[in-house]
Amino acid sequence: LLNIHDLCVLSEFRRRGIGSALIFEIENFAKQLDCCKLTLEVLSGNFAAKKAYIQAGFAGYELDPDSGIAEFWQKKIHY
């Protein structure tokens, strides 16, 4: 498994295929490592990113349709 933690293309360079090219290269790198899948997070309101990820073959994550879609949770560590 390879997780894409952050992926961003500066606004002045968007809509040039840079994000798609990055995802393509990340997938090739993951294949070299024998990863079984790529994962990433996307904000629900980031429709442009969601469209790009769908075009790249990503989809919502669910282990079992009866159990529902996986959610990303966090716990902040307080010192």
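Since the structure is predicted, the reported quantities are computational estimates derived from the model, not experimental observations.
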So how far is it from [X] [atom1] to [Y] [atom2], rounded to the nearest 0.5 Å?
X     : Y     : atom1 : atom2 : value
Leu2  : Leu38 : CG    : CG    : 6.0 Å
Leu7  : His5  : CG    : NE2   : 12.5 Å
Ile23 : Ile4  : CD1   : CD1   : 5.5 Å
Ile26 : Leu40 : CD1   : CG    : 9.0 Å

Practice task
Can you tell me which residue pairs pass the ring-ring contact (aromatic ring centres under 6.0 Å, His included) test with a partner in residues 25-54, sequence neighbours excluded?
Solution key: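 Every pair satisfying ring-ring contact (aromatic ring centres under 6.0 Å, His included) with a residue in residues 25-54: Tyr53-Phe58.
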
Problem - Heavy-atom check, side chain of Ile54 versus side chain of Lys51, under 4.5 Å - result: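 No. Closest side-chain heavy atoms not under 4.5 Å.
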
Practice task
Start with the C-alpha distance between Glu25 and Ser20, add both sets of side-chain angles, then the distance that settles side chain to side chain contact (heavy atoms under 4.5 Å, CB included), and finish with yes or no.
Solution key: CA-CA 9 Å; Glu25 292 302 327; Ser20 297; over 6 Å; no

Handout entry: Atom CD of Glu71: over 12 foreign heavy atoms under 6.0 Å
Key =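 No, not enclosed.
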
Exercise for the section: Would you indicate whether Leu1, at its atom CG, is surrounded by more than 12 heavy atoms from other residues, nucleotides or ligands within a distance under 6.0 Å? Expected result: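 Result for CG/Leu1: enclosed.
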
Practice task
Verify, without hydrogens or angle tests, whether Arg15 (side chain) and Ser11 (backbone) share a donor-acceptor contact under 3.5 angstrom.
Solution key: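 Judged by distance alone, no pair lies under 3.5 Å.
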
Handout entry: Residue pair Val42 / Lys50: nearest heavy atoms and the distance that separates them
Key =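 Answer, listing the atom of Val42 first, then Lys50: CG2-CG, 3.7 Å.
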
Handout entry: Set of residues satisfying side-chain hydrogen bond (donor to acceptor under 3.5 Å, both in side chains) with respect to Asn46, sequence neighbours excluded
Key =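 Asn46 satisfies side-chain hydrogen bond (donor to acceptor under 3.5 Å, both in side chains) with no other residue.
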
